[in-house]
Amino acid sequence: HQGILQVVIEKHPDRCLDIFTDPSTVHSLPKEQVVQHLKSMNPDIALEYLERLIDIWNVTSQEIENSLIILYVEKVSSEWPAYQGMLAAGVVEPCMPGSEPVNWVRCACA
């Protein structure tokens with residue numbers, strides 16, 4: 001089953017999230033196991049899963065919130081060196097919080 005799930009995650013990530021956040025199953029699935037499974041295949045999908053749990057389904061627990069924080073920290077930590085290099089090279093400009101570039105697009109912030 002993991003091979004099929006990997007294909008769904010790679011080719012149709014939104015569909016994968018729909019499967020795990022379906023109204024008929026979202027509250028019955030072992031959320032921490034789902035997070036770990038998704039994280040092993042694609043951390044960005046795990047991050048989106050946690051965001052949906054909290055934002056759409058109001059699922060809150062210390063474990064869920066901690067998992068989300070950890071994934072945010074890991075994502076920022078992994079992307080920070082590349083961003084610093086882009087700043088140094090003048091590829092992007094520093095931006096005010098909330099006006100960050102999407103996908104490292106050049107930002108012309110006031």
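Keep in mind that what you see is a predicted model, and the values were worked out from it rather than measured.
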What residues form a side chain to side chain donor-acceptor pair (under 3.5 Å) with Ser24, not counting sequence neighbours? Asp22
Partner of Tyr49 by side-chain contact (heavy atoms from CB on, under 4.5 Å), out of Val35, Val26, Leu71, Ile54: Val35
Glu65 and Thr60: side chain donor to acceptor below 3.5 Å: no
How far does CG of Leu47 sit from CD1 of Ile70, to the nearest 0.5 angstrom? 12.0 Å
In Å and rounded to the nearest 0.5 Å, what is the OG1 to CG distance from Thr21 to Leu50? 11.5 Å
Sequence neighbours excluded, every pair satisfying ring-ring contact (aromatic ring centres under 6.0 Å, His included) that has a member inside residues 52-74: His27-Trp57
With a 4.5 Å limit on heavy-atom distance, are the side chains of Leu38 and Cys16 in contact? yes
Answer yes or no: is there a side-chain heavy-atom contact under 4.5 Å between Ser67 and Glu32? yes
State whether Arg52 and Glu48 are salt-bridged, where the test is any N-O pair (Lys NZ or Arg NE/NH1/NH2 against Asp/Glu carboxylate O) under 4.0 Å. no
Which residues pass the side chain to side chain donor-acceptor pair (under 3.5 Å) test with Gln84, not counting sequence neighbours? Trp80
Considering residues at least two apart in sequence or located in another chain, which fulfil the side chain to side chain donor-acceptor pair (under 3.5 Å) criterion with Asn42? none
Gln36 meets the side chain to side chain donor-acceptor pair (under 3.5 Å) criterion, sequence neighbours left out, with none
Over all atoms of both residues, closest heavy-atom pair of Pro81 and Ser77: CD-O, 3.3 Å
State plainly whether the residues Glu74 and Lys39 are in salt-bridge range, i.e. N to O under 4.0 Å. yes
CE on Met41 to CD on Glu10, rounded to 0.5 Å: 9.5 Å
List, by chain and then residue number, the residues other than Val73 in its hydrophobic cluster (Ile/Leu/Val/Met/Phe/Trp/Tyr, side-chain heavy atoms under 4.5 Å); write none if there are no others. Ile69
